[in-house]
Amino acid sequence: MIDESALSFGPRMAVRRDGKSLGRRAELERFLLDVERKALRIASFALGQRDDALDAVQEAMFKLSRFYGHKPASEWSPLFYRILHNQIQDLHRARHRRPAIAVFRPSRDASEDETDILDNLPAAERNQPEVAFERARDLERLTQIIASLPRRQRETFVLRLLEGWDVRTTARILGCSEGSIKTHLSRALHTLRQEMDGSS
């Protein structure tokens with residue numbers, strides 16, 4: 001879970017200390033708590049490193065709170081993910097400016113959902129070591145394939161299929177046309193099917 005200090009933005013916001021302002025601050029903090037896990041998963045897939053992903057998410061939370069906290073709550077979600085996308089882009093650019101070798105391998109705590117799949121199996125099946133091994137292997141392979149996709153395809157796949165955003169919102173978050181989103185997703189799915197079929 002992201003450090004609670006990442007959510008301590010209230011004093012930076014130009015609001016009066018009345019009941020309405022305090023209620024809005026509480027609503028914003030609830031929103032940030034609700035999106036932090038999804039945001040961290042998106043950033044982890046995009047960046048491949050937990051520290052960078054945490055930095056991107058916390059900075060996106062800060063910017064939303066400071067600059068857009070006054071906006072209607074219905075606008076926070078697309079604004080937040082657009083800000084997060086920009087943070088991820090900035091980190092990618094920073095990496096290109098400094099030579100580095102990075103291998104994408106999310107840590108156990110960076111992807112909390114790794115255990116969710118196994119935990120949701122029926123008890124009898126979950127306790128069979130060969131079933132658990134095969135599912136863990138498939139998940140690891142899928143994670144590697146997603147990480148190897150071109151950046152735009154990977155971002156589109158994560159936002160559309162893992163996070164469930166519609167085409168219009170995904171296009172708004174990534175700053176491109178809806179047609180581009182459909183093309184990127186189609187190519188990503190084609191690659192995933194080929195790679196998964198080839199590894200079976």
Side-chain angles (χ1 to χ4, degrees), residues 2 6-7 9 24 27-50 52-97 102 104 106 110-113 116 139 141-196:
I2 293 175
L7 305 177
F9 303 133
R24 189 164 185 78
E27 186 180 9
L28 180 58
E29 289 185 355
R30 280 194 302 273
F31 168 78
L32 294 175
L33 284 171
D34 287 344
V35 299
E36 70 171 6
R37 185 176 176 184
K38 283 186 177 182
L40 187 56
R41 184 166 54 220
I42 290 171
S44 294
F45 268 116
L47 296 167
Q49 295 179 5
R50 181 173 173 78
D52 285 349
L54 280 169
D55 287 346
V57 172
Q58 288 183 349
E59 187 65 19
M61 287 181 166
F62 171 76
K63 287 183 175 179
L64 179 76
S65 300
R66 183 166 188 183
F67 301 112
Y68 302 102
H70 65 282
K71 294 277 190 181
S74 60
E75 296 182 19
W76 288 343
S77 191
L79 278 169
F80 172 75
Y81 284 103
R82 180 64 185 164
I83 295 167
L84 179 62
H85 171 70
N86 289 339
Q87 291 302 126
I88 290 169
Q89 298 288 87
D90 289 346
L91 285 169
H92 276 299
R93 282 191 286 267
R95 284 180 179 177
H96 288 304
R97 287 194 293 269
F104 180 83
S111 179
E112 299 171 14
D113 286 342
D116 291 352
L139 182 61
R141 179 63 183 142
L142 180 61
T143 301
Q144 290 173 348
I145 296 169
I146 293 171
S148 70
L149 291 170
R151 184 161 47 87
R152 271 304 167 103
Q153 290 182 30
R154 181 174 64 243
E155 291 169 345
T156 301
F157 178 86
V158 171
L159 290 172
R160 286 282 291 118
L161 298 185
L162 299 186
E163 302 306 327
W165 291 105
D166 59 28
V167 172
R168 172 184 277 183
T169 306
T170 302
R172 184 176 171 189
I173 291 169
L174 297 181
C176 60
S177 70
E178 294 181 23
S180 294
I181 293 300
K182 293 174 183 177
T183 300
H184 291 316
L185 182 60
S186 175
R187 290 175 179 170
L189 290 173
H190 178 73
T191 300
L192 286 165
R193 287 190 193 102
Q194 279 192 322
E195 295 290 332
M196 290 301 288

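Values reported hereafter were calculated over all heavy atoms of this structure, with side chains retained and with hydrogens, waters and symmetry mates removed.
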Determine, step by step, whether Arg152 and Glu155 satisfy the salt bridge (Lys or Arg N to Asp or Glu O under 4.0 Å) criterion, reporting the C-alpha distance in whole Å, the side-chain angles of both residues, the deciding distance to 0.1 Å, and the verdict. CA-CA 5 Å; Arg152 271 304 167 103; Glu155 291 169 345; 3.5 Å; yes
Run the side chain to side chain contact (heavy atoms under 4.5 Å, CB included) check on Met61 and Val57 step by step: do they pass? CA-CA 6 Å; Met61 287 181 166; Val57 172; 4.0 Å; yes
Worked check of side chain to side chain contact (heavy atoms under 4.5 Å, CB included) between Leu64 and Leu28: CA-CA 9 Å; Leu64 179 76; Leu28 180 58; 4.1 Å; yes
Side chain to side chain contact (heavy atoms under 4.5 Å, CB included) between Leu159 and Ile181, intermediate numbers included: CA-CA 10 Å; Leu159 290 172; Ile181 293 300; over 6 Å; no
Full working for side chain to side chain contact (heavy atoms under 4.5 Å, CB included) between Arg50 and Leu54: CA-CA 6 Å; Arg50 181 173 173 78; Leu54 280 169; 4.0 Å; yes
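Using a 4.5 Å cut-off on side-chain heavy atoms (C-beta onward), Val35 and Leu84 make no contact.
Closest approach of Ile88 and Ala43 over heavy atoms only: CD1-CA, 4.0 Å. Closest of all the heavy-atom pairs between Ser65 and Leu32 is OG-CD1, 3.5 Å. Taking every heavy atom of both residues into account, Glu27 and Ala73 meet most closely at OE2-CB, 3.4 Å. Across all non-hydrogen atoms, the minimal contact from Thr191 to Gln153 is OG1-OE1, 4.4 Å. Contact detail for His184 and Thr156: the closest heavy-atom pair is CB-OG1, 3.6 Å. Nearest heavy atoms, Leu40 versus Ala53: CD1-CB, 3.8 Å.
Using modelled atom types, one side-chain atom of Ser148 and one backbone atom of Ile145 make a donor-acceptor pair closer than 3.5 Å.
To the nearest 0.5 Å, the span separating CD on Gln87 from CG on Asp52 amounts to 11.5 Å. The structure places CZ of Phe157 at 4.0 Å from CD1 of Ile146, a figure rounded to the nearest 0.5 Å. Between Leu47 atom CG and Ile42 atom CD1 the span is 11.0 Å, to the nearest 0.5 Å. To the nearest 0.5 angstrom, Ile173 atom CD1 is 11.0 Å from Asn86 atom CG. The NZ atom of Lys182 lies 9.0 Å from the CZ atom of Arg160; values are rounded to the nearest 0.5 Å. For the atom pair Glu59 CD and Lys63 NZ, the distance stands at 5.0 Å (nearest 0.5 Å).
Residue pairs meeting the side chain to side chain donor-acceptor pair (under 3.5 Å) criterion with at least one member in residues 72-82, sequence neighbours excluded, do not occur. Counting only residues at least two apart or on different chains, the side chain to side chain donor-acceptor pair (under 3.5 Å) pairs with a member in residues 166-177 are Asp166-Thr169, Ser177-Ser180.
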